[in-house]
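Below: the structure, in structure tokens.
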Amino acid sequence: MSGPRPTPRSSRARVRGATIAAFVALAPLLPAAAVAVGTVKVDAALPYVCTLPSGPQQATVRITAAFPERAAVGEEIRPSDVTTTVELPAAAVAGLTTPQAAAVRAETRLTVGVAQDEQRAEAAWSGTAQPVPVPAEGPLVLATTGDVPSLTTGAAGELVLTAGALAVDLAPSAADGTATTPPSLSVACAPAPDAEGRTVLARVPVGAGASTGTPSAPPPPTTAPSSPSPSLPSDPPVPPTAPGVTRGTPGAPETPDAGPDPKPEGRGLGPAEEETPGTPGPRPDAPPCITEEPTPMSLSAYITGYSNVRKLNGANVIPVSCTLIEQGLPEIEFREDGIHLITKSVARLSYQGRAQTPPFRATFLTFGFTPTTATLVLEQKGPMTVDSDVLLVFPDNISETYVRAPLVLRVLDVQVNGTPLDVGPDCRTEKPLTSPEPDPATYPGDHLVLLGKGQLINGTDAEGYVLTGGGPLTGTVTIPPFKDCGAGGEDLDRLLTAAISGPDNYVKQIQGQTCSVGIEVPPPDQCTEDRQPLVVPKPER
């Protein structure tokens, strides 16, 4: 089977709550899908109970959306025109805002259960709203909108979507637009007991019976949905929310297929190793990592690690480098082995406005006896893709993330046995570093491939790698021949190629916890006050 798809993201164990919020808050940012021919509009007003500082309060949550009335197997199903409106009673308003609050801005995250036959998953429907005035009397009405994850299923059968828990983040502001104290407040809401049997938002028939015949009746457009089928409980159990949203300590043992060389060699390490930060406690020194124009999907992280140079029988530290990530909208797929959460993201190295690592020095024994020191840079020459696939298998979630990056190795200067060797201004590999590519039809061309594997056991911290929490990424790389090396008519291409270029160079990089740059209040254990990654990883062998 293959099937539905949601949206979310996140952090380490100690920021589990904040990170889940960050992960699911990123869903609403892609252009809204047009409503297809043959759509069914849902307008459901449901009773909820919200936990406020003053205690539980009744609230009304109205959910409107449009769904295709039927779908073929493998066809993308994307709810559109999604609006979540929360009406909080007058008694709740005073407890939610300070006296100086003149307006309040809201973000909502509605958990939607997705079920097909015996398979269950959760999607996050996130929405944002412009500030609305705080009423002098009467209820506070907050209407948020945003795009939501698509669903795809590879099997016939009815897809049932059910409304669940709702989180509402409120940011009050004074008349002059400044934040009040406290600057924000989160409210947790859940369907009221009398909502039982009314929380089904839509039923979408999928498969042979979907293109012909009569589809299952969706909820009436202006009333709450009718009771769900007896085989689909109104509040179905689901796998853990958003795998990848928490992480334990990076650097779990490598997977058996990580590479032919289990550890980088221990000799030939340059000064970069000594300068690599990573001391526990306050954030160590690291290069600036600023996202200039963040979106709610923006993440940033530091990465560092070792790379072997097999010909030189040594390894070098790749210095702490800033990576700016735009996380894609996660999707759910029902496949034969279970439910998969697929997220496709793009990333960019960033150093002083350029897509590259900081310069780093490496010292090796060239040809086994001549001490050679070089200043190197890895330059990004095209899009870096980050593709995550999480298999939701209760109670475990198995994650695989492939990072693909076209990186050219530049040589800035060289000293051989203490004597400068002028390599000129353009000395570099003739093409990007290359790795074995498991899917060359989809990802053609020359690029480095790193794989991160992780596992999130229900109720515990993640092990290995997840995108938002970081961890080890491993692979092997071929260093291509060099070109344009030398000055004053001297051709050093063959010398550097003979000394360095070749296959099977093992790479192990450690990514730190990401910073959720684009959300209103970034979690303090993810980000510094100026929205840079707080965690600076150390290289691991």
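What you see below is based on every heavy atom in this structure, not just the backbone, and it leaves out hydrogens, waters and symmetry mates.
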Any donor-acceptor N/O pair, Gln57 side chain to Thr51 backbone, under 3.5 Å:
no
Set of residues satisfying side chain to side chain contact (heavy atoms under 4.5 Å, CB included) with respect to Pro133, sequence neighbours excluded
none
Once side chain to side chain contact (heavy atoms under 4.5 Å, CB included) is applied, do any residues pair with Thr291, and if so which ones, sequence neighbours excluded?
Pro294, Ser298, Ser300, Leu324, Val517
side-chain hydrogen bond (donor to acceptor under 3.5 Å, both in side chains) filter on Thr401, not counting sequence neighbours, yields Ser388
Any side-chain donor paired with an acceptor under 3.5 Å for Glu331 and Ser150?
yes
Between Ile325 and Ala347, the two heavy atoms sitting closest are CG1-CB, 4.0 Å
Which residues pass the side chain to side chain contact (heavy atoms under 4.5 Å, CB included) test with Thr85, not counting sequence neighbours?
Arg62, Thr83, Val141, Ala143
Determine whether the interatomic SG-SG distance for Cys322 and Cys289 falls below 2.5 angstrom.
yes
How would you list, by chain and number, every residue that makes a side-chain hydrogen bond (donor to acceptor under 3.5 Å, both in side chains) with Thr60, sequence neighbours excluded?
none
May I ask you to decide whether Arg120 forms a salt bridge with Glu122, counting only side-chain N to carboxylate O separations under 4.0 Å?
no
Where at least one partner belongs to residues 41-73, residue pairs that pass disulfide bond (SG atoms under 2.5 Å apart), sequence neighbours excluded
Cys50-Cys189
Check salt bridge (charged side-chain N to carboxylate O under 4.0 Å, His left out) between Arg531 and all other residues, then give those that pass, not counting sequence neighbours.
none
Those residues that, when tested against Ser399, pass side-chain hydrogen bond (donor to acceptor under 3.5 Å, both in side chains) (two or more places apart)
none
Thr528: partners by side-chain hydrogen bond (donor to acceptor under 3.5 Å, both in side chains), with sequence neighbours left out
Asp530
All salt bridge (charged side-chain N to carboxylate O under 4.0 Å, His left out) counterparts of Glu437, not counting sequence neighbours
Arg404
Glu326 and Thr295: side chain donor to acceptor below 3.5 Å:
yes
Heavy-atom side-chain proximity of Leu473 to Tyr465 below 4.5 angstrom
yes
Considering residues at least two apart in sequence or located in another chain, which fulfil the side chain to side chain contact (heavy atoms under 4.5 Å, CB included) criterion with Val132?
Val104, Leu140, Leu142
For Asp439, what residues pass the salt bridge (charged side-chain N to carboxylate O under 4.0 Å, His left out) criterion, not counting sequence neighbours?
none
